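Start at 1 and go down the list; that is how both ligands and their atoms are numbered. As a basis for the values below, the full set of heavy atoms in this structure was taken, side chains included, without hydrogen atoms, waters or symmetry mates. The model shown is predicted, which means the values in this text are computed figures rather than measured ones.
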Amino acid sequence: MSSVPSPASPLETMAQRELTITRRLLWAGISALSVLWPLEAVTGVIATWDRWLYPLMLVVFTGLALWLRRRPDKPQVVYLIGGAMLNTYLVAAALMAIFTGDLQSSIFPLVTTTHWMPLGYAAAFVVMARRASLILAGLTMAALFVPVGVAIAMGHLTVWGPQLPVLTANLALAHGVFILGLISIASLRNGYIRSQERIAVMETLASTDMLTSMPNRRALTQQLQSHVALANRHAQTLSVLMLDIDHFKVINDQYGHAGGDDVLRELSAVLGAQLRASDHAGRWGGEEFLVVAPGVGLPGAMDLAERIRAAVEQYRFSHGQPVTVSVGVTDFRPGDTMDTLLRRADAALYGAKRQGRNQVTLQALP
Ligand SMILES: Nc1nc2c(ncn2[C@@H]2O[C@H](COP(=O)(O)OP(=O)(O)OP(=O)(O)O)[C@@H](O)[C@H]2O)c(=O)[nH]1
């Protein structure tokens with residue numbers, strides 16, 4: 001009925017942004033691994049397991065990035081495999097460094113793996129609901145710090161010296177504070193989504209007629225204003241039809257206000273069925289409707305008006321009585337404003353009423 005392009009909902013935009021961030025995170029991971037693997041190998045500091053795991057992760061992340069390009073509709077596969085792989089690798093690598101070595105041999109892999117762990121938490125907060133990402137980050141932290149804490153408490157890791165308890169406490173605090181920061185950002189994001197949703201609902205309410213669900217006068221005014229501006233700038237054709245139900249007061253008097261409301265609702269459906277996707281129609285007020293037809297000249301507008309008039313006349317309304325409409329038609333003239341156009345349409349409608357109603361009248365002159 002109306003060609004107003006529906007704006008992307010806030011949730012759609014968020015989903016697209018999440019996809020973009022996921023893509024960037026994957027390519028950042030691929031780039032980081034492409035640098036770290038040769039760098040650590042050449043300098044001889046690479047951990048034994050990383051000789052195999054770095055290339056394996058490189059292959060998996062590249063595969064996930066390509067999958068995301070082919071199937072952007074199924075990002076969950078990427079979130080699941082990518083997130084599980086990164087978190088498992090980091091926790092396993094840190095535990096291996098602690099439990100299989102001493103300070104001298106394991107400090108490098110321990111520090112490097114633990115300072116990548118916040119990436120895993122952050123990625124989860126980007127793509128998952130706050131509660132799920134909080135659970136995942138908490139589990140990841142617990143998987144690392146609980147076994148190490150228990151082992152330290154039981155005196156199993158004395159080979160590390162006094163540095164390990166301090167390092168563990170420091171890391172646990174830093175990771176905890178990082179997760180708190182992420183929770184704050186996630187709260188801000190949720191608040192933003194909710195306010196965007198409320199704005200979208202309010203915009204729809206502000207531009208919709210509650211009785212007929214058609215665009216209301218405010219929405220039609222905006223449409224007409226922008227089409228008048230386009231017609232003036234690009235010399236485009238534009239026509240306006242103003243419709244009014246004949247003797248509507250009598251319908252109200254006979255069938256009550258509710259009966260009159262039913263007629264308005266049914267008429268809006270009859271009207272909508274006659275329009276093209278490029279036409280804009282709505283309730284102008286009371287029992288008056290307006291059609292804005294961009295790209296339609298006078299002959300086309302007269303045809304449309306006659307089609308609408310005949311469709312209403314033939315329609316069997318639920319109160320069982322015939323209903324007719326009078327239609328005033330005019331087209332855009334160079335230099336027209338919205339007001340001059342509407343005045344002509346109104347004058348044409350007045351002419352149709354004066355000449356006996358249930359007819360279409362053209363107002364070609366100013
Ligand atoms: N049921 C209902 N009636 C409405 C609504 N808005 C306006 N009306 C009624 O529409 C009627 C319009 O009456 P008039 O302006 O005299 O026009 P008419 O009876 O259609 O006569 P003509 O236009 O000259 O053919 C009034 O009785 C208004 O109360 C509405 O939302 N619902």
Option of least heavy-atom distance to atom 16 (O) of ligand 1 (set: Glu287, Glu288, Lys249, Met210): Lys249
closest protein heavy atom to atom 6 (N) of ligand 1 is Gly286 CA, 3.3 Å
Against ligand 1, does Arg283 come closer than 4.0 Å with any heavy atom? yes
Closest non-hydrogen contact found for Leu271 with Met214 is CD2-CE, 3.9 Å
Of the listed options (Lys353, Arg354, His247, Arg357), which comes nearest to atom 23 (O) of ligand 1 when hydrogens are ignored and any heavy atom counts? Lys353
Hydrogens and angles aside, do Asp244 and Ser326 bring a side-chain donor and acceptor to less than 3.5 Å of each other? no
Examine His175 together with Tyr121 and report whether their ring centres are nearer than 6.0 Å. yes
Is it the case that Ser318 and Asp262 place a side-chain donor and acceptor less than 3.5 Å from each other? no
May I ask you to identify the nearest protein heavy atom to atom 32 (N) of ligand 1, giving residue, atom name and distance to one decimal place in Å? Asp261 OD1, 2.7 Å
Does Asp50 reach the main-chain N or O of Trp37 with its side chain, forming a donor-acceptor pair under 3.5 Å? no
Please identify which atoms of ligand 1 are closer than 4.0 Å to at least one heavy atom of Ile245. 20 (O), 23 (O), 25 (O)
Pairs in or reaching into residues 22-35: which pass side-chain hydrogen bond (donor to acceptor under 3.5 Å, both in side chains), with residues at least two apart or in two chains? none
Which protein non-hydrogen atom lies closest to atom 9 (C) of ligand 1, naming both residue and atom, and how far is it? Asn252 ND2, 3.2 Å
If the cut-off is 4.0 Å to any non-hydrogen atom of Leu264, which atoms of ligand 1 fall inside it? 30 (C), 31 (O), 32 (N)
Could you pull out, from Phe248, Tyr255, Tyr350, the option with a heavy atom nearest to atom 4 (C) of ligand 1? Phe248
Side chains of Arg333 and Arg344 in contact at under 4.5 Å (non-hydrogen atoms): yes
If the cut-off is 4.0 Å to any non-hydrogen atom of Gly260, which atoms of ligand 1 fall inside it? 1 (N)
